[in-house]
Amino acid sequence: MEEGRGKEEGGAAVTKAGFSDAATVRTWVDGLREQWGEEPGDMADRLEVFQRFCAFVEREPDAIIEECSREVEGGKRIRIKKRRFYSEKIDEFQASMDGDARAQARAGNVVRSFMIHNGIFMQGGVSG
Amino acid sequence: MEFKEVVGRRRSIRFFEPDKPVEREKIQVILETARLASCAVNAHWLRAIVVDRDKLPPDKLNQLKTPVAALTLDLAPVHIYFFCDLGVVKRIKGSRLRELVDVGALAPTHGWSHKFVDEFVYPQILEPMTNNLQGYLAAAMADCGGAAQNALLAAFDEGLGACLNTPNPVLTKQVFGVPDDWVSLWVMLVGYPAESWEAGGQRPRPVFEELYFEGDINTPFRRDSGVVEKLKAAGMITRPAPLPERRQEIMQLAERLNLPM
């Protein structure tokens, strides 16, 4: 286990401090900053939701992205089965959240946003 | 709307008002416009199946979703599936060419006669063409593309938004049970735009002179800036993307439709 990381309650494999340092989380935050022109005001909330998702699937952020892609000659490829797996996990996670359908979808979209900004193509449905 | 303005306003719309129905009459206008497209040998390969998203059983709708088009299928209330009917030439055997001779569109002044169609064009050109699948597909699909473009422009002329997507051809054929010799082409998603008509601005295009030539391949077609100005005035060349307000627009759409950012 890497320094600063440990198993949290609920099975999360990353501490809060280590979590923000993960390369894929940094990529996500940078992507959001680029998209919005500044870091979203609710970034801390988003990170918290995403950390809950990591606990939900018992994976570190970098591991999620690593699982969903593979290097081949000529570039990167998305692993379809893993992408589908996480897409379903996001739906499950979303359904497990408190609040109305719109609030639940918002939580799912936080995770989808993490995937999207790390190059894993993903779409949510229309809700709310 | 004037023709040039229709061309200028057309762009792929990907944010639709999911709950605003599209009038049936407007869909008919789209199909009527497709039917009037130019078509080689008057064969008319394009077929369309119009689908009301909310009337499609959910399992079928989910089957039709591709990873890239899942959201737009959810957002657009009407989906028009386009197919290429490869069997048409062998079925009509030149009869539509004969029709063109009958109505004077193909006249003896240009060498056309029933005998020419019956003894030469069909048996020596059209029928053999259908046996060379690669060449036949290219020709038939090019004509379908023209008809689909007519349909797209009609949608915008009717005040709608639309975009073409490529569905999974195997699943599309399964879901709609079309004949074996129909090739699945595109799905045109239609609805009222949730985004502004500019949708971020006119999309970037390659440089004019890199695309078009005059006389030979070494001489780019000279682009007259006066013509460009006229097209701007007519609404065909519009504000280019990116528009400064686009980021804000996407953020608002994401918030309203509850989409990831």
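Per chain, numbering begins at 1; letters A, B, ... match sequence-line order. The structure presented is a predicted model; accordingly, all values stated were derived computationally and were not measured.
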Between CH2 on residue A:Trp36 and CE on residue B:Met251, distance to nearest 0.5 Å: 4.0 Å
A:His117 side chain reached by B:Met261 side chain, heavy atoms, under 4.5 Å: no
Heavy-atom pair with the smallest gap, counting every atom of B:Pro260 and A:Ser113: CB-N, 4.2 Å
Heavy atoms from other residues, nucleotides or ligands near CZ of A:Arg52 exceed 12 (cutoff 6.0 Å): no
Flag if over 12 foreign heavy atoms under 6.0 Å of CG, B:Asp59: yes
Chain B contact via A:Arg83 - which portion, at a heavy-atom distance below 4.5 Å: side chain
Greater than 12 external heavy atoms within 6.0 Å of B:Lys65's NZ: yes
Enclosure of B:Arg247 CZ (heavy-atom neighbours >12, cutoff 6.0 Å): yes
B:Ala70 to A:Gln123 - nearest heavy-atom pair and separation: N-OE1, 3.1 Å
Nearest non-hydrogen partners of A:Arg102 and B:Asn258, listed with the distance: O-ND2, 2.9 Å
Close contacts, residues 65-80 of chain A versus chain B, judged by heavy atoms under 4.5 Å: none
Within 6.0 angstrom of B:Ile217 CD1, more than 12 heavy atoms from elsewhere: no
B:Phe208, CZ: over 12 other non-hydrogen atoms inside 6.0 angstrom: yes
Enclosure of A:Arg33 CZ (heavy-atom neighbours >12, cutoff 6.0 Å): yes
B:Tyr212 atom OH: more than 12 heavy-atom contacts under 6.0 Å: no
